[in-house]
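Numbered from 1 within each chain, the chains take letters A, B, ... in sequence-line order. Keep in mind that this is a model prediction, so the values were computed, not measured.
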There are 2 protein chains.
Amino acid sequence: MAESTAAWEPVPRSRTFELVLARIEEQILAGNLGVGDRLPPERELVELLGVSRAAVREALRVLEAQGVLRSRVGTGPASGSVIAAMPSEGLTQLLRLHMALANFPLADVVEARATLERSSARLAAGRATADDLARMHTPLARMDEVLPREEFNDCDTDFHVAIAEAGGNRLMADMTIAVRNAVRHTLLTAFHKLSDWEAVAARLRAEHHAIYDAIAARDAERAGDLVESHIRGFHRDIVSAVLENEEAGEP
Amino acid sequence: MAESTAAWEPVPRSRTFELVLARIEEQILAGNLGVGDRLPPERELVELLGVSRAAVREALRVLEAQGVLRSRVGTGPASGSVIAAMPSEGLTQLLRLHMALANFPLADVVEARATLERSSARLAAGRATADDLARMHTPLARMDEVLPREEFNDCDTDFHVAIAEAGGNRLMADMTIAVRNAVRHTLLTAFHKLSDWEAVAARLRAEHHAIYDAIAARDAERAGDLVESHIRGFHRDIVSAVLENEEAGEP
DNA sequence: GCCCGGGCTTTGGTCTGACCAAACAATTTA
DNA sequence: TAAATTGTTTGGTCAGACCAAAGCCCGGGC
């Protein structure tokens with residue numbers, strides 16, 4: 001197995017906050033800490049682990065960024081560091097930056113959206129409750145009105161999110177939400193640059209309604225196909241056309 | 001639009017480190033900071049932003065956790081805080097914890113894997129280079145030997161990762177890697193509990209070879225179907241059977 | 001002139017100890 | 001009883017110090 005001698009990164013000796021992080025993760029992985037549970041106060045962790053408060057706080061910041069933790073001052077039941085479950089926030093933030101760093105070309109994101117949302121739509125068609133359908137219908141109805149483009153964009157997002165959540169798969173829903181949020185700004189920019197906005201809006205409305213109908217009719221195949229072509233077609237015909245002359249958006 | 005009065009979380013007044021984070025993100029989103037660029041030294045950021053070093057460091061920790069930053073001590077060209085691009089590390093870590101928190105039931109993860117990897121396989125079949133195929137074949141060949149289960153599991157991961165990367169879509173590849181890594185421990189546990197390990201290994205080998213052949217033959221449909229049924233079947237027949245009597249794994 | 005070694009500088013990593021402010025609880029007061 | 005006050009807990013912030021790793025630079029020796 002004599003691999004090339006390169007790529008022998010020196011073992012980065014663990015920093016203190018990483019050790020703290022490891023201890024807390026242990027507790028989570030072992031099941032000793034679940035959603036809703038509270039961590040000991042920072043000052044107490046300092047004693048327990050024998051490190052400085054700064055180290056503890058850096059570890060907590062990381063967990064918070066991952067959507068695993070939520071910190072509040074004060075004394076009440078909602079105070080302190082509480083284990084939470086907000087994966088989509090963390091995911092969204094992470095994807096946003098990496099997309100800005102051009103690690104993820106728009107084409108890749110479109111592909112990912114198409115894949116994830118196609119699957120979500122199929123799941124949704126199979127198991128959406130009346131309640132789920134209502135949640136999908138609300139933004140749909142609002143988009144039928146004349147709206148500012150920003151609001152239209154938000155409703156568009158809400159509609160797709162509702163589908164993902166109706167699928168009943170939190171992981172896929174969260175990834176869908178994160179990816180959709182990550183392109184939110186890009187889409188909004190595209191919306192604002194369109195010359196005949198109303199025509200585009202009309203097309204989107206029609207496609208959304210068709211998707212909704214397919215899901216309501218429990219036609220998984222059709223729902224999946226419609227969503228996929230909706231996403232691909234939209235980006236191909238509209239976004240790329242609008243953005244083709246630019247590199248970076250406005251600063 | 002008179003929504004219910006609840007859910008009016010008080011705006012959490014931004015904490016200092018969040019402001020620092022925002023400033024750095026601005027630079028990234030505006031394109032002033034790209035991969036490879038260096039941030040000013042911590043002490044300099046302290047002056048520039050007028051905050052304490054602790055606040056700066058907490059912000060940097062967050063970026064580091066997201067795989068956007070890499071910090072090293074010293075003076076050389078690789079020292080300081082450098083913008084990096086390691087999305088899969090951050091994603092993996094994030095998913096790992098949230099899976100442990102049971103936010104993501106195993107069934108959801110399986111569904112996500114099936115969806116993502118099916119799509120990756122189709123992409124790979126369409127564009128895999130000879131080099132990509134070689135990277136897929138290496139772990140495949142190693143799995144044909146008699147290996148410790150842990151190593152077998154690693155090769156299994158490598159094989160699936162190679163497919164994802166051959167697809168040429170970094171976002172989907174990173175999500176695939178993260179999800180696969182997140183279940184690494186679960187799978188390993190299952191492997192160790194199997195009674196007739198060799199039979200299972202044989203089955204996995206055969207399925208892997210079939211997938212490889214389909215991709216090499218550029219048969220996207222077949223590759224996608226095989227991967228999907230490989231993942232679903234494996235979990236249905238093996239993992240769930242092994243884990244059915246348990247709640248939490250060993251601590 | 002070239003190489004090598006020791007010291008200097010830069011930079012992140014860590015700790016200490018202090019004070020602030022929010023949120024709530026307990027107590028006193030009208 | 002109800003309102004106002006005080007106190008306690010807890011995270012948020014800061015200042016300042018010291019450590020250790022990694023290069024860089026300069027001088028001495030070959």
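- Taking only side-chain nitrogens and oxygens, A/Arg15 comes nearer than 4.0 Å to OP1 or OP2 of C/dG13.
- Of the inter-residue distances, the one linking A/Ile163 atom CD1 with A/Leu123 atom CG reads 11.5 Å to the nearest 0.5 angstrom.
- For the pair B/Glu58 CD and D/dT13 P, the interatomic distance rounds to 7 Å; values are reported in whole Å.
- In this structure, the CZ atom of B/Arg57 is 5 Å from the C1' atom of C/dG13, given to the nearest Å.
- Between the CZ atom of A/Arg70 and the P atom of D/dT10 there is a distance of 14 Å, rounded to whole Å.
- Shown here are the salt bridge (charged side-chain N to carboxylate O under 4.0 Å, His left out) partners of B/Glu151, two or more places apart in sequence or in another chain: B/Arg142.
- A/Glu18 has its CD atom 16 Å from the P atom of C/dG12, to the nearest Å.
- For B/Glu58 and B/Arg61, the salt-bridge test fails: no basic side-chain N is under 4.0 Å from an acidic carboxylate O.
- For A/Ser119, the side-chain contact (heavy atoms from CB on, under 4.5 Å) criterion is met by A/Met172, B/Glu111, B/Thr115, not counting sequence neighbours.
- Residues meeting the ring pair (Phe, Tyr, Trp, His ring centres under 6.0 Å) test with B/His98, sequence neighbours left out: none.
- For the pair A/Glu44 CD and D/dT8 P, the computed distance is 18 Å after rounding to whole Å.
- For the salt bridge (Lys or Arg N to Asp or Glu O under 4.0 Å) condition, the pairs that include at least one residue of residues 173-188 of chain B, sequence neighbours left out, are B/Glu150-B/Arg184, B/Asp154-B/Arg184, B/Asp156-B/Arg180, B/Arg170-B/Asp174.
- For B/Ala59, the side-chain contact (heavy atoms from CB on, under 4.5 Å) partners at least two apart in sequence or on another chain are B/Val20, B/Leu21.
- Atom CZ in A/Arg72 sits about 16 Å away from atom C1' in D/dT9, given to the nearest Å.
- Map B/Leu60 and A/Gly74 each onto its nearest nucleotide of DNA chain C; the residue landing nearer the 5' end is B/Leu60.
- Heavy atoms of A/Arg61 sit under 4.0 angstrom from primed sugar atoms or phosphate atoms, though from no base atom.
- For residues 75-87 of chain A, proximity to DNA chain C is found at A/Thr75, A/Gly76, defined as any non-hydrogen atom under 4.0 angstrom from a strand atom.
- Nucleotide D/dT13 holds its C1' atom 11 Å from the CD atom of A/Glu42, rounded to whole Å.
- For the pair A/Leu63 CG and D/dG11 P, the computed distance is 14 Å after rounding to whole Å.
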Between protein and nucleotides 15-19 of chain C, what N or O pairs are separated by less than 3.5 Å?
unit_1 : atom_1 : unit_2  : atom_2 : d
C/dC15 : OP2    : A/Ser52 : N      : 3.2
C/dC15 : OP2    : A/Ser52 : OG     : 3.1

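- Taking B/Arg43 as the reference, B/Arg53 meet the side-chain contact (heavy atoms from CB on, under 4.5 Å) condition, with sequence neighbours excluded.
- The stretch residues 19-33 of chain A participates, sequence neighbours left out, in these salt bridge (Lys or Arg N to Asp or Glu O under 4.0 Å) pairs: A/Glu25-B/Arg96.
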